Amino acid sequence: MPCSIEGSAGSCGTGCSVMIPELQESIMFSEETRHCNGKDTRRERKGSADIISTVEFNSTGEFLATGDKGGRVVIFQREQENKNQPHRRGEYNVYSTFQSHEPEFDYLKSLEIEEKINKIRWLPQQNAAYFLLSTNDKTVKLWKVSERDKRPEGYNLKDEDGRIRDPCTITSLRVPVLRPMDLMVEATPRRVFSNAHTYHINSISVNSDYETYMSADDLRINLWNLEITNRSFNIVDIKPTNMEELTEVITAAEFHPHNCNTFVYSSSKGTIRLCDMRSSALCDNHSKLFEEPEDPSNRSFFSEIISSISDVKFNHSGRYIMTRDYLTVKVWDLNMENRPIETYQVHDYLRSKLCSLYENDCIFDKFESVWNGSDSVIMTGSYNNFFRMFDRNTKRDVTLEASRENSKPRAILKPRKVCVGGKRRKDEISVDSLDFSKKILHTAWHPSENIIAVAATNNLYIFQDKVN
């Protein structure tokens with residue numbers, strides 16, 4: 001069952017292409033759709049098990065992987081372009097489904113370890129198979145996803161049913177041959193990286209050398225070799241001797257896209273630290289600290305909570321860093337540490353609702369943000385199944401809604417507006433009417449095309465440029 005949401009790009013007065021599209025929807029993936037793979041991995045599940053917890057395109061954009069709270073990974077493959085059906089360009093179908101993690105129990109600490117997939121990261125393709133890393137709170141796994149369309153026949157020491165033959169009955173030697181069979185996609189765990197994190201893993205990032213990756217939890221960041229599972233190197237440790245002195249935790253971490261020695265990590269205090277592994281084995285002393293001074297006039301009980309950074313990402317060139325906190329998206333220049341060069345208000349109308357958002361725990365939601373392929377547009381999620389796009393060149397922005405109720409084949413998605421006060425227009429929605437149980441935390445952007453994936457609770461929407 002394919003899904004795509006199409007859009008068309010306009011143009012601005014300067015002649016540059018406006019990357020914020022007028023979006024149009026055809027079909028979306030629901031939790032039922034994502035169950036429909038040939039291998040039956042279904043079981044009795046709680047409703048929350050189908051909530052999507054991460055979304056990630058591979059380096060070419062041909063594949064899109066999602067992870068959910070039930071520990072499953074679902075991979076979608078893009079259809080090849082068909083000249084007879086141009087409207088199906090860019091549609092994705094279920095390619096493989098497998099159970100990545102199972103619930104576990106730590107008997108030493110009497111703690112249950114959830115199977116929820118926190119992050120997925122693809123490795124660059126080296127051969128016919130595909131490799132990806134997936135992690136829950138404690139364990140990272142390296143998966144190999146491969147295709148098989150032939151099977152061997154004509155063994156000498158066993159019959160076609162697999163039973164071992166009596167060597168005394170073998171009177172001649174046969175040369176085994178490969179026979180065609182129905183295409184089968186297999187997912188096999190090649191490495192399991194465990195027992196290295198005391199706290200919950202929140203980030204994994206593959207290094208540009210493609211030999212190592214790092215995993216980050218609340219207080220530590222570890223560096224792994226992809227070939228070695230029983231040993232990792234601790235490169236950041238912010239755990240104080242006395243835990244009562246703890247003032248901040250690590251919230252996200254990522255390697256530089258080109259310099260294998262450089263990485264950044266963000267904290268719950270709203271700071272970003274740039275570290276260089278050439279300076280020392282333990283990068284507790286950062287090379288640069290990015291922090292925006294707080295305006296004393298805006299200080300409130302919620303200031304520290306809403307300043308906590310939930311996501312940090314380098315742009316494709318590695319010159320800029322994008323961070324997402326509760327209310328804003330900020331872009332930082334690596335050469336300027338004292339303030340961001342760009343700040344985008346995602347849902348500033350919620351500032352007056354912080355008290356109720358604190359009471360229902362929504363203020364602790366961790367929103368992600370993504371760059372488009374040319375770094376000219378930023379996308380991030382919000383509540384009521386809204387997601388926001390910001391054009392960095394034209395300074396235009398748009399609010400769109402990924403809604404099951406509004407989904408019709410290739411129906412244009414109109415921009416939405418939130419009314420804060422005063423008289424509400426017909427096409428506006430009141431801030432008091434927003435549904436905070438519907439939230440878009442996870443999004444992904446195709447590495448080279450205008451195709452985006454939006455996870456709205458247990459539904460996956462894919463948007464693309466409009467096909468004429």
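Here the structure is a predicted model, which means the values were calculated and not measured. Side-chain atoms are counted along with the backbone in the values below, which use heavy atoms only and exclude waters and symmetry mates.
For Ser268, the side-chain contact (heavy atoms from CB on, under 4.5 Å) partners at least two apart in sequence or on another chain are Glu248, Val249, Thr251, Ser308. For Thr229, the side-chain contact (heavy atoms from CB on, under 4.5 Å) partners are Arg191, Phe193, not counting sequence neighbours. By the side-chain hydrogen bond (donor to acceptor under 3.5 Å, both in side chains) test, His286 pairs with no residue at all, sequence neighbours left out. In terms of the ring pair (Phe, Tyr, Trp, His ring centres under 6.0 Å) criterion, Tyr210 has no residue partners (sequence neighbours excluded). Applying the side-chain hydrogen bond (donor to acceptor under 3.5 Å, both in side chains) rule to Asp311 yields the partners Lys313; only residues at least two apart in sequence or on another chain are considered. Scored by the side-chain hydrogen bond (donor to acceptor under 3.5 Å, both in side chains) test, Asp432 finds Lys353 as partners (sequence neighbours excluded). Residues satisfying the side-chain contact (heavy atoms from CB on, under 4.5 Å) test with Asn335, not counting sequence neighbours, are Lys288, Arg319, Asp333. With sequence neighbours excluded, the residues forming a side-chain hydrogen bond (donor to acceptor under 3.5 Å, both in side chains) with Asp348 are Arg351, listed by chain and number.
No donor-acceptor distance shorter than 3.5 angstrom exists from the side chain of Asn207 to the backbone of Tyr213, with no hydrogens or angles considered.
A salt bridge links Lys119 to Glu368: one of the charged nitrogens lies within less than 4.0 Å of a carboxylate oxygen. A salt bridge links Arg78 with Glu449: at least one charged nitrogen is closer than 4.0 Å to a carboxylate oxygen.
For residues 310-332, the ring-ring contact (aromatic ring centres under 6.0 Å, His included) pairs, not counting sequence neighbours, are His256-Phe314, Tyr326-His347. Legend: salt bridge (Lys or Arg N to Asp or Glu O under 4.0 Å) pairs involving residues 233-247, not counting sequence neighbours, sorted by first then second residue: Arg220-Asp237. Pairs of residues two or more places apart, or lying in two chains, never qualify as salt bridge (Lys or Arg N to Asp or Glu O under 4.0 Å) while including a residue from residues 196-205. Sorted by first and then second residue, the ring-ring contact (aromatic ring centres under 6.0 Å, His included) pairs with a member in residues 110-134 read Phe63-Tyr130; sequence neighbours excluded.
Taking the six-membered ring for Trp and thresholds of 30 and 60 degrees, Trp224 and His197 have ring planes inclined between 30 and 60 degrees apart.
Remark: aromatic rings of Phe76 and Tyr95 are distant, center separation not under 6.0 Å.
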